[in-house]
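A short write-up of the structure that comes next.
Hydrogens, waters and symmetry mates are skipped; everything else that's a heavy atom, side chains included, is used. Naming convention: chains lettered A, B, ... in sequence-line order (proteins, then strands); numbering from 1 in each chain.
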Amino acid sequence: MEMIHRYERFFLGSTVVILIIGMVAVTSSFFVNDLELPSPVDTVDPATFTSEPPFNNPGLFQVGENEYDAIITAQAWAFIPGQITVPVGSTVNFKIGSVDVVHGLIVHGTNVNLTIVPGQISEATATFDEPGEFLFVCSEYCGILHHNMAGRVIVN
Amino acid sequence: MTIAADAPKSRPAHPIYDMEGMEHSAAVEMEDSRLVVFPRSQTRPILWNVILALVAFMLGGLPGIGQALERVGINLYNNDVVTSVLDENAAYYQGLTLHGVLLVIVFTFTFANGFVTLATMRAYGRPMASTLLVQLAFFLALAGTVLAGWTMLANEATVLFTFYPPLEANTMFYIGAVLLVISTWVTLVNIIITHRRWAADNPGKRTPLMAFMAIMTYAMWAMASVGIAAEVLFVILPWKFGWTEGVDAQLARTLFWLTGHPIVYFWLLPAYISWYTMIPKQAGGRLFSDPIARFVFILFLLLSAPVGFHHQFTESGIPQWMKNIHGIATFAIFFPSMITAFSVISALENGGRNAGGKGLFGWIWKLPWGNPALTAQLHAMLIFTLGGASGLINASQTVNLVVHNTAFIVGHFHMTIGAVALAYIGIAYWLVPYLTGNNLWGRKLALWQTWLWFFGMLIFARGQISAGLQGVPRRTAFADSVYRDFIDGLDVPNMLTAIGGSMMGLSGLLIFIVIVGTLMGLAGKNREQLIPVAETRVGATKRIWPWLDNYKVWVIVAILLILIAYIPFIVTYVPDGSSATGAPFPLY
Ligand code: HEM
Ligand SMILES: [Cu+2]
Ligand SMILES: [Cu+2]
């Protein structure tokens, strides 16, 4: 009896082809669309977190014509600031760090999805082209009031 | 069904390993019609493992029902009975921690230790080399369960099963987790010694397939578990003991996920042992090819671990290019998964045709659907296929940003581990009878059970997937949240989650009834209970692909792959120089 039956060979061959197509598609879609995953920005010492820049002064800062830096502190159980307001068409760079345990940030209506690890500064960018209210929530368990850790971006 | 039925009459007068006589049915008749009786001193601890696993399954499942009903505003957490057990403020997350730890650590580890040990004994046709280690593995797991369970119930470890520092738990919680991991290492050591002894007694013979798979499964896990062991021993415990001021949270997570991805294959491979080497027999067919099955397990050994960053796409401590590499490498697991699909389905088809099934799909209806041990595992395969497909979605780096840490993931992994759990239950439907000598009681109930889980799971997972796509985060007491009314389109998903979850809960109740009835012997005794072992279409004689059996080489290659995958991080990661210590007040 042949070692690998021809049906099996056909099946496995197709699997390899599908696999390669899938890998190429996923990888190229990533680079073609110029997408980014969160990458190292800078570190921040939790011990001096609240006394040193940037998190000694969280808030929204205009850095370009339509561009803002949102410096956000994540702590149990709130984002500071919990609400930011920007005009339609703004690009917002979220820069966020945690003062205590691991938190997360998911901004609805965008691809912003960060895990905020203490010691690391996390960064992601989104453009808000539609007016409205966009919820952002903590997406990593951080204690019993984790479900109350949320905020919103108001675009008008 | 039984091997005994077609065995030659002239079997050796004296079984080789008749230590305490055939007190119950834990005997096997080997392919060469040798009769082997396993000592009770080993089959009992195996049974205890299975019972501990099932108890963990039952207790761990209960909070799941609360979590699912919470979505539609049915709050079980302020019920008097619940608050007499759980802390009234922390109840949701305390329950969720119990759910995670009991189901994916205790249930899976103890079931694997018991089942894979027995598979090893059956494959070699001899008891384990060390009875002491069989017992030790059980008692370590029991002690670990008691320690972790006690801290969780005392609300001193409401940190979820991932226990990311600097979220802090009682030291005993970590010790408990370590003991559970050590129980698996002890099992591996015993498997290896048994293999050595067998090889010394059987020069020139090829390792039986089932034993080969047992070795590969445990070798893969032993390597992978080094990450979590290092995290606990070198990061968390020194901090707990006050030797270091805090933890490097990013490093801890990276170590955690070095183990956290391959652990899913440690859950899965025991089910695959059943699907490759037992299910064909139960379906009345033969395994397609023994050497290819070995090849698949080697691929799992090699490909499981070097991909952990795909759980860390959203963390900024790891450079993007490293994540890209792990992300792409993740897809390679598709290959052995598809070989498995081919092998398992062809064995099933073979069984269905042997039973008279005709046409392209006619064989499906001829499978023994009346056997709950088989039906549960067929359902598990179907659900798992969807779970695997949704895994491809998660692994796609771009889409990951849409689904990461949302309820979508909950939908995904209930279709993977929830399917594996169903497969374990299916195995238990013959394993408990085998180990006790009692017939399975409540066969009809068991069939209801598996159909309920099957449909319940599909409904539940669909609900969670849709909720996740609307942006609902996972690990969240949703009904209590400040934003529950600010997310649109959740009515139907929440309803599906609750209905499907209830069906699974009901299914769990039926498992409890069937297993208790079986343990009590309500359906009487039967000494003919046997371990199903499949024959193969292409067997593995000494000549076919002998390189497959070079364990040492494969383990070395696997270690090299892990090093290649992690060395860029290890050499470039600058510890953040800080020590995260958590919050100045208790978080639960
Ligand atoms: C009655 C059946 C079950 C129901 C209704 C159920 C329901 C749920 C729900 C709703 C969640 C999400 C909770 C949240 O993210 O806030 C969850 C989480 C989870 N479930 Fe289940 N589940 C069931 C059975 C199982 C089984 C059998 C397993 C594995 C063997 C399992 C493993 C998990 C794990 C690992 C989590 C994640 C825990 C975490 O995020 O820390 N579940 N379950
Ligand atoms: Cu948080
Ligand atoms: Cu993974």
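- Remark: the backbone N or O of B:G471 is paired with a side-chain donor or acceptor of A:H108 at under 3.5 angstrom.
- One finds the CG atom of B:N400 at 10.5 Å from the CG atom of A:N111 (value rounded to the nearest 0.5 Å).
- In this structure, chain A has no heavy atom under 4.5 Å from any part of B:L96.
- Contacts of B:V399 with chain A are absent, with no heavy-atom separation under 4.5 Å from either backbone or side chain.
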Derivation and outcome, side chain to side chain contact (heavy atoms under 4.5 Å, CB included), residues A:T15 and B:F342: CA-CA 11 Å; A:T15 299; B:F342 184 92; over 6 Å; no
Pair A:W77-B:Y588, ring pair (Phe, Tyr, Trp, His ring centres under 6.0 Å): steps then yes or no: CA-CA 12 Å; A:W77 293 287; B:Y588 54 86; 10.0 Å; no
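- A donor and an acceptor atom, one from each side chain of B:Y93 and A:H147, are located under 3.5 Å apart.
- Proximity to chain A is limited to the backbone of B:P165, based on heavy atoms less than 4.5 angstrom apart.
- Both the backbone and the side chain of A:L35 come within contact range of chain B, judged by heavy atoms closer than 4.5 Å.
- Taking every heavy atom of both residues into account, B:G317 and A:Q120 meet most closely at CA-OE1, 3.6 Å.
- Contact count versus chain B (heavy atoms, under 4.5 Å) is highest, among A:S139, A:G104, A:G22, A:S29, for A:S139.
- The NE2 atom of A:H5 sits 9.5 Å away from the OG atom of B:S346 when rounded to the nearest 0.5 Å.
- Here the closest non-hydrogen pair linking A:P118 and B:P166 is CG-CD, 3.9 Å.
- When heavy atoms are compared at a cutoff of 4.5 Å, B:Q470 approaches chain A solely by way of its backbone atoms N, CA, C and O.
- Only one option out of B:T476, B:L160, B:L587 pairs with A:Y141 in a side-chain contact (heavy atoms from CB on, under 4.5 Å); it is B:L160.
- Pairs passing the salt bridge (Lys or Arg N to Asp or Glu O under 4.0 Å) check and including a residue from residues 112-131 of chain A, sequence neighbours excluded, read A:K95-A:E123.
- When heavy atoms are compared at a cutoff of 4.5 Å, A:T27 approaches chain B solely by way of its side chain, counted from C-beta outward.
- Only the side chain of B:R253 comes within contact range of chain A, with heavy atoms under 4.5 Å apart.
- Within the 4.5 angstrom heavy-atom criterion, no atom of B:F478 approaches chain A.
- Considering only heavy-atom pairs separated by less than 4.5 Å from chain A, the leading option among B:M322, B:E245, B:R474, B:M338 is B:M338.
- Closest heavy-atom contact between A:V101 and B:L167: CG1-N, 3.7 Å.
- Between the CG atom in B:D480 and the CG atom in A:L145 there is a gap of 9.5 Å [rounded to 0.5 Å].
- In terms of heavy-atom proximity, B:F335 sits nearest to A:L12 at CE1-O, 4.1 Å.
- Side chain of B:K323 to main chain of A:P38: a donor-acceptor pair is present (N/O by atom type, distance under 3.5 Å, no hydrogens or angles).
- The minimum heavy-atom distance linking A:D45 with B:S579 is given by the pair OD1-N, 4.4 Å.
- At least one donor-acceptor pair under 3.5 Å links the side chain of B:S316 to the backbone N or O of A:I121.
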Trace of the side chain to side chain contact (heavy atoms under 4.5 Å, CB included) decision for A:L37 with B:L401: CA-CA 8 Å; A:L37 292 174; B:L401 293 181; 4.1 Å; yes
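- For A:E140, the parts lying near chain B are the backbone and the side chain together; criterion is any non-hydrogen pair under 4.5 Å.
- Between chain A and the options B:T406, B:V402, B:T330, B:N324, heavy-atom pairs under 4.5 Å are most frequent for B:N324.
- Between A:A150 and B:V482, the closest heavy-atom pair is CB-CG2, 4.2 Å.
- Contacts of B:Y92 with chain A are absent, with no heavy-atom separation under 4.5 Å from either backbone or side chain.
- Put simply, the side chain of B:Y164 never gets that close to the backbone of A:V117: no donor and acceptor are under 3.5 Å apart.
- For chain B, the nearby part of A:L135 is the side chain; its heavy atoms alone come within less than 4.5 Å.
- Only the side chain of B:S343 has a heavy atom closer than 4.5 Å to any heavy atom of chain A.
- Only the side chain of A:F11 comes within contact range of chain B, with at least one heavy atom under 4.5 Å from a heavy atom of that chain.
- Residue contact with chain B, scored on non-hydrogen atoms closer than 4.5 Å, is absent for A:F136.
- Both the backbone and the side chain of A:E36 come within less than 4.5 Å of a heavy atom of chain B.
- Proximity to chain B involves both the backbone and the side chain of A:Y7, based on heavy atoms less than 4.5 angstrom apart.
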